[in-house]
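Chain letters run A, B, ... following the sequence lines, proteins first, then strands; residues in each count from 1.
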Amino acid sequence: MGITSVLGSSALLPAGLGFRNALINGDFRVNQRVFSSTTNNGAYGFDRWRIDASGGTTTYSAQTFTPGNAISGQEPTNYARVVTTGQSNTNGTYSLFRQPIEDVRTFAGQTVTVSFWAKASSGTPKVSIELEQNFGSGGSASIIQYAGQVTLSTSWQKFTLTTIIPSISGKTIGTNSHLLFTFILSGGPDWNTRSSSIGIQSNTFDFWGVQLEQNYQATPFEQRPFAVELQLCQRYYEKSYDIGTAPGTATDSGFILAMPGGAQASSSGIHDAYINFKVTKRTAASMTIYDNAGNSNKCRRTAVGSANYDNQSIQDVSGYTNGCYFRSATGSGSTHTVSCHYVASAEF
Amino acid sequence: MYYVYTNWENKQFIVKNFTTWIPVDPSNSDYQQYLSWIAEGNVPEEFDPNAN
């Protein structure tokens with residue numbers, strides 16, 4: 001007997017079924033990059049969500065709800081907007097809004113339901129949903145699963161699609177395998193087969209509350225605590241700055257004293273430093289180090305009780321899964337500590 | 001643009017655009033992009049930590 005039969009289709013599922021949404025940051029609450037807008041192919045904006053685009057211009061931006069918004073029963077904070085313009089109907093043209101879900105084993109062989117709210121700025125554009133099983137480098141060829149297509153209106157609407165993720169029996173899993181969730185917003189002729197001929201579309205697409213769960217029907221959007229959602233995001237991207245502060249901002253707030261325990265370097269030469277991450281990363285992290293003045297690839301040395309020296313060179317930066325080692329290359333003065341801000345990225 | 005730097009321990013580092021240090025790890029997407037860039041016939045320049 002199914003859940004619907006027991007509880008009715010509008011009933012809340014019982015407690016104990018948490019973490020059912022495999023998508024992270026489906027409500028776009030977490031914006032560690034403090035991004036406002038980007039047109040770069042492959043760029044992440046809201047944590048875990050990126051655009052892949054070719055041809056014309058695809059603009060991905062952060063939008064803010066006002067209290068009492070149009071999504072019934074919810075008071076969300078942010079939503080994602082993707083605008084497609086200027087594309088021609090040729091092969092190699094596409095606009096995609098997507099999230100890679102770590103590990104191709106995710107939901108393999110299971111029935112899943114996608115649910116989300118969406119609207120458009122005009123007309124009735126279509127959105128196709130695709131789930132690609134990517135077996136990673138050295139793995140089997142990808143399996144592309146078309147999940148369905150919906151037609152938007154100019155009002156927020158909740159959409160639900162159910163599909164079956166293929167089994168991975170007999171497949172080889174390589175490095176970086178993942179399940180790639182994709183909204184297809186626009187595509188040239190070579191996208192017809194995998195998008196049910198969505199075609200080239202110029203419009204403004206808004207999304208909120210995206211959920212992918214192992215179920216034959218959609219459950220209410222899972223409202224995880226912000227601290228939990230942030231930590232889920234930090235497996236892929238983490239920064240030392242305050243949550244609302246963009247990397248590269250001149251600030252002391254959140255900076256890391258990279259020589260902990262009160263230790264002080266004693267000369268003007270090379271000083272070793274180590275940063276411990278807040279959350280273990282998916283893979284060894286790419287690192288960008290900043291001094292407190294906002295200069296990238298620099299650190300701060302402090303002559304304790306005397307002066308701060310920003311804009312100090314660094315070298316030997318080695319990102320790991322749990323932290324980062326680097327060296328302050330040079331410096332002047334006598335006793336120094338080494339401090340910095342950082343961004344660690346282990347995204348797909 | 002990518003740069004390479006070899007330290008006193010003969011360990012090689014990859015630096016992207018003078019800002020981001022990329023680990024030599026096949027799971028890291030920046031490293032994958034670096035390898036693709038090399039496969040296209042590009043050659044990284046030497047990185048001097050004190051020059052920038």
Considering all heavy atoms, the nearest A:S296-B:T19 contact: OG-CG2, 3.3 Å

Looking at every non-hydrogen atom in both residues, tell me the closest pair between A:A284 and B:N28 and how far apart they are. O-ND2, 2.8 Å

Segment of B:D25 engaging chain A (4.5 angstrom heavy-atom cut-off): side chain

Taking side chain as everything from C-beta outward and backbone as N, CA, C, O, which of these in A:F326 sits under 4.5 Å from a heavy atom of chain B? Side chain, backbone, both or neither. neither

side-chain hydrogen bond (donor to acceptor under 3.5 Å, both in side chains), that's the test. Do B:W21 and A:N297 meet it? Break it down for me. CA-CA 9 Å; B:W21 294 65; A:N297 211 32; 2.7 Å; yes

What part of B:K11 lies closer than 4.5 angstrom to a heavy atom of chain A: side chain, backbone, both or neither? side chain

A:T175 (side chain) donor-acceptor with B:S27 (main chain) under 3.5 angstrom: no

Options A:A346, A:S345, A:A285, ranked by heavy-atom pairs under 4.5 Å with chain B, top entry: A:A285

Chain B contacts, top residue of A:D316, A:T288, A:T283 (heavy-atom pairs, under 4.5 Å): A:D316

Evaluate A:S318 against B:F13 for side chain to side chain contact (heavy atoms under 4.5 Å, CB included), listing each step before the verdict. CA-CA 8 Å; A:S318 300; B:F13 297 83; 3.2 Å; yes

Over all atoms of both residues, closest heavy-atom pair of A:N176 and B:P26: ND2-O, 4.0 Å

Would you mind checking which part of A:E347 comes under 4.5 Å of any heavy atom in chain B, side chain (CB onward), backbone (N, CA, C, O), both or neither? backbone

What is the minimum heavy-atom distance between B:P23 and A:G319, and which atoms define it? CB-O, 3.8 Å

